[in-house]
Number of protein chains: 2
Amino acid sequence: MALDRIDVALLALLQNDARRANKQLAADVGLAPSSVHERLKRLWAMGVLTGIHAEVDPAAMGIGLEALLMIELAKHERALVDRFLDEIVEIPEVRTAQLITGRYDLIVHVVARDTRHLKDLALDRFTSHPGVTRIETSIIYETRARHELPMLARDADATA
Amino acid sequence: MALDRIDVALLALLQNDARRANKQLAADVGLAPSSVHERLKRLWAMGVLTGIHAEVDPAAMGIGLEALLMIELAKHERALVDRFLDEIVEIPEVRTAQLITGRYDLIVHVVARDTRHLKDLALDRFTSHPGVTRIETSIIYETRARHELPMLARDADATA
DNA sequence: GGTGAAAGCTATAGTTT
DNA sequence: AAACTATAGCTTTCACC
């Protein structure tokens with residue numbers, strides 16, 4: 001039921017490069033391709049693997065800048081917040097929306113063609129939204145990402 | 001050189017599910033598998049496709065909570081900032097680090113086992129760092145993501 | 001650029017240890 | 001639980017349009 005070291009190794013490899021296929025994974029972890037295949041099927045079935053996504057260069061999509069919208073909400077009622085999140089994530093320019101504690105209630109990561117597009121996006125889709133009290137916009141100069149999650153559970157031993 | 005509609009369609013499909021392979025993609029966009037293969041090779045060579053990453057359930061890795069660390073830096077010298085970013089992204093608990101404009105200088109998305117682990121992480125790796133003036137920590141209650149970037153360039157027509 | 005057939009490889013199932 | 005073998009299917013290449 002729990003993940004062993006080989007599972008964790010496979011997950012690490014696939015988080016960094018999911019193009020790497022069975023044969024190579026098998027060589028990497030020292031098992032036969034069929035065994036690796038069984039393990040991956042189990043990891044998908046268990047809900048440990050939840051998706052595989054291609055990463056695209058934003059510039060190639062005409063994206064000239066990215067920003068973080070830090071939003072304060074007037075009310076925190078569950079139904080309203082859930083509906084707002086649903087709406088937000090349907091906006092094509094939105095990458096992520098996070099509900100958080102602290103000074104702001106919501107952080108929304110958006111992409112835009114240029115500053116004019118960003119202004120329209122912020123004003124038309126967020127500032128003007130009932131329920132939004134205040135927005136602070138931060139331009140993102142640079143993003144560094146780490147694709148691999150750490151194994152923080154203690155149960156990653158030799159048990160399968 | 002520019003991307004046409006079919007390229008954009010392929011990218012959209014792969015951003016949402018990169019397991020979908022050649023044959024199915026070909027059926028989706030109405031081309032032969034070999035043509036799709038050629039296009040994808042071109043998109044990788046052009047640097048439009050930059051990676052494929054598996055997504056893993058944080059809970060399965062023993063991750064009990066995620067947080068945003070909003071950081072103010074004392075100085076904004078290029079060399080110092082770049083080095084700090086390099087250091088940060090080597091910390092296993094870090095998912096992303098973003099250099100931004102506005103009230104804060106840096107937003108760091110981290111994962112942790114529990115609040116005690118988060119406290120240790122924040123105090124040992126960030127608060128105590130020379131160059132960090134102040135940190136605000138926000139717990140993430142919920143994240144919604146959209147894996148597909150919008151095509152914002154006007155040149156996505158029938159030209160190849 | 002796109003197509004279709006041939007070659008090579010990967011994935012899957014069944015069997016053995 | 002892992003490894004091996006065999007088959008089916010897909011990916012990739014290439015000559016041609």
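Order of the sequence lines fixes the chain letters, A, B, ..., with proteins taken first and strands second; residue numbering starts at 1 for each chain.
The base of D/dC14 is not paired with the side chain of B/Ser34 by any donor and acceptor separated by under 3.5 Å.
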Return the polar atom pairs (N/O with N/O) between nucleotides 8-11 of chain D and the protein under 3.5 Å, or none.
| unit_1 | atom_1 | unit_2 | atom_2 | d |
| --- | --- | --- | --- | --- |
| D/dC10 | OP2 | B/Lys23 | NZ | 2.8 |
| D/dT11 | OP1 | B/Asn22 | N | 3.2 |
| D/dT11 | OP2 | B/Lys23 | N | 3.1 |

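Applying the ring-ring contact (aromatic ring centres under 6.0 Å, His included) rule to A/His117 yields no partners; only residues at least two apart in sequence or on another chain are considered. Legend: residues meeting ring-ring contact (aromatic ring centres under 6.0 Å, His included) with A/Phe126, ordered by chain and number and at least two apart, are absent. With sequence neighbours excluded, the residues forming a salt bridge (Lys or Arg N to Asp or Glu O under 4.0 Å) with B/Arg78 are B/Asp82, listed by chain and number.
If you measure from atom CG of A/Leu40 to atom P of C/dA11, you get 9 Å, rounded to the nearest angstrom. Taking atom CZ on A/Arg19 and atom C1' on C/dA11, their separation rounds to 19 Å, with Å as the unit. Regarding A/Leu31, its CG atom lies at a distance of 10 Å from the C1' atom of D/dA1, rounded to whole Å. Computed from coordinates, the A/Glu38 CD to C/dA11 C1' distance equals 11 Å when rounded to whole Å.
The ring pair (Phe, Tyr, Trp, His ring centres under 6.0 Å) contacts involving residues 54-113 of chain B comprise B/Phe84-B/His129, where partners must be two or more places apart or lie in separate chains.
Hydrophobic cluster of B/Leu123: no remaining members, since no ILVMFWY side chain lies below 4.5 Å from it.
Taking only side-chain nitrogens and oxygens, A/Ser35 comes nearer than 4.0 Å to OP1 or OP2 of D/dA3. Taking 4.0 angstrom as the limit, A/Arg39 places a side-chain polar atom (N or O) nearer than this to OP1 or OP2 of D/dA2.
Here CD of B/Glu90 is found 6.0 Å from CZ of A/Arg146. Values are rounded to the nearest 0.5 Å.
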